[in-house]
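No hydrogens, no waters, no symmetry mates; every other heavy atom, side chains included, goes into these values.
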Amino acid sequence: MQVKHSLKNPDTEITYSLTEKLGKGCFGEVWGGINSNQIPVAIKICHFTDDKSLQAWVNEISNQIGCDHQNIVKIYDFFIDTDPYTSNTRLVIVMEKALMSLDKYLKLYKTFNPSHVCWIGYELCKALVEIHKSTVIHRDLTLRNILLFPGYHIKIADFGISKKKSNLYFPIVSNTGFFNAIPPEILQHGYSDFQSDIYQLGLILLTLLTGREPIPQNLDRQTIYDLINEGQPRKIAESLIEEFGNLAYIISCMLRRRVEWRYQSALELQVDLDNELQTIQMNEIINNFNQKFYQ
């Protein structure tokens, strides 16, 4: 394993060796590596130029640490240091390392069995119950932010644009999240609520069930907005009820355009998914994972 860079927490003297770049975005980079105890970690290096951008990352850390749950990615460490090449200040967030995102898995293996989609929805719903109990709205539930871990564990990551319930009424900004994952209430009224996370989880489950996004990312923005306002994702889910039964019906309820017609809480949704899972054996779910993924 070749070490390409290393970072050190100046307060604890813990060193992190960076071995592979996992991704890059407008915030900076994500690296895979190991800590001083040879434990695999994922390291997000966040660049910021002012107090506002720093506050956004502090927001991510506080909201994520505040939600301690087996289906939420854990933060091990965070600190501020200086980039040796640019002398810019940066924030380093150290987290548990996943095998890959659901986004990458879907690109590799194309489809998910319906029983597995139901199980994934149930596991993520348990995490949403915990997140919402902490009065946090995630606001960016997408396939890229759902991570797979060894032992068939699945976890929610990236609280970068999450908000506390006390800050309910706020417009979405153009550079946060994917346009095709924006809930209808943000387009129509400019605010999110807990049901917005349920809508985005519905998009995830529908994508896993069909192997494709209900509204493609490559469409122009106005077309995407029109399809959201017309309820295209819900219509697709309803068209699948004859084939997939109650699972498709549950997903269609998650994707209703008006929040008062959706599930009113993640706990209410969890009950329905749990009832659906009663007919599915766990070994069936495990066998539906493509075993190449774990080799």
Side-chain angles (χ1 to χ4, degrees), residues 1-105 127 131 134 136 138-151 153-163 173 175-177 293-294:
M1 183 182 298
Q2 183 179 2
V3 176
K4 298 183 178 180
H5 304 284
S6 62
L7 298 169
K8 180 185 287 187
N9 184 327
D11 297 321
T12 64
E13 297 294 315
I14 296 176
T15 299
Y16 300 97
S17 300
L18 282 58
T19 57
E20 56 177 332
K21 185 183 291 188
L22 302 177
K24 184 177 182 179
C26 57
F27 59 83
E29 299 172 342
V30 178
W31 285 78
I34 54 175
N35 65 12
S36 303
N37 296 319
Q38 304 300 302
I39 296 174
V41 293
I43 302 168
K44 179 185 285 188
I45 303 173
C46 312
H47 301 289
F48 56 91
T49 56
D50 52 37
D51 291 341
K52 184 178 180 180
S53 57
L54 173 59
Q55 183 58 45
W57 297 116
V58 172
N59 173 73
E60 171 174 5
I61 294 169
S62 61
N63 286 344
Q64 194 163 345
I65 288 179
C67 300
D68 183 16
H69 190 270
Q70 62 182 359
N71 296 112
I72 299 173
V73 171
K74 287 181 172 53
I75 292 179
Y76 294 142
D77 192 10
F78 59 92
F79 54 92
I80 293 176
D81 77 348
T82 302
D83 188 322
Y85 301 105
T86 65
S87 298
N88 292 332
T89 305
R90 59 190 183 180
L91 175 65
V92 179
I93 306 175
V94 183
M95 301 167 287
E96 56 182 330
K97 186 182 179 184
L99 295 171
M100 67 172 70
S101 67
L102 273 186
D103 181 44
K104 184 175 181 181
Y105 185 95
I131 292 169
S134 299
V136 171
H138 188 282
R139 298 180 71 237
D140 196 20
L141 292 176
T142 59
L143 289 172
R144 63 175 180 166
N145 291 334
I146 308 300
L147 304 183
L148 291 167
F149 288 79
H153 294 302
I154 189 162
K155 303 189 182 189
I156 294 175
D158 201 337
F159 283 63
I161 63 170
S162 61
K163 296 287 184 179
V173 251
N175 63 348
T176 57
F293 178 76
Y294 291 99

Say whether, by atom type as modelled, one donor and one acceptor occur between the side chain of [X] and the main chain of [Y] under 3.5 angstrom.
X: Ser36; Y: Thr15; value: yes
X: His153; Y: Leu147; value: no
X: Thr19; Y: Gly32; value: yes
X: Asp158; Y: Asp140; value: no

Val94 vs Ile14, side chain to side chain contact (heavy atoms under 4.5 Å, CB included): CA-CA, chis, key distance, verdict: CA-CA 11 Å; Val94 183; Ile14 296 176; over 6 Å; no
What distance do [X] atom [atom1] and [Y] atom [atom2] have between them, rounded to the nearest 0.5 Å?
X: Cys67; Y: Ile75; atom1: SG; atom2: CD1; answer: 10.0 Å
X: Ile45; Y: Tyr16; atom1: CD1; atom2: OH; answer: 12.5 Å
X: Leu91; Y: Ile80; atom1: CG; atom2: CD1; answer: 5.5 Å
X: Ile146; Y: Ser101; atom1: CD1; atom2: OG; answer: 9.5 Å
X: Ser162; Y: Ile156; atom1: OG; atom2: CD1; answer: 11.5 Å
X: Ile39; Y: Glu96; atom1: CD1; atom2: CD; answer: 11.5 Å

Heavy-atom pair of closest approach, residues Leu22 and Lys97: CD1-CE, 4.5 Å
Is the shortest heavy-atom distance from the side chain of [X] to the side chain of [Y] under 4.5 Å?
X: Phe149; Y: Val73; result: yes
X: Lys74; Y: Asp68; result: yes
X: Phe79; Y: Thr12; result: no
X: Ile72; Y: Lys155; result: no
X: Trp31; Y: Leu7; result: no
X: Leu99; Y: Pro150; result: yes

Which residues share a side chain to side chain contact (heavy atoms under 4.5 Å, CB included) with Asp11, sequence neighbours left out: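 With sequence neighbours excluded, Asp11 shows a side chain to side chain contact (heavy atoms under 4.5 Å, CB included) to Asn9, given in chain and number order.
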Residue list, salt bridge (charged side-chain N to carboxylate O under 4.0 Å, His left out) with Asp103, at least two apart or on another chain: Lys107
Judged by modelled atom types alone, do Asn35 and Tyr76 share a side-chain donor-acceptor pair under 3.5 Å? no
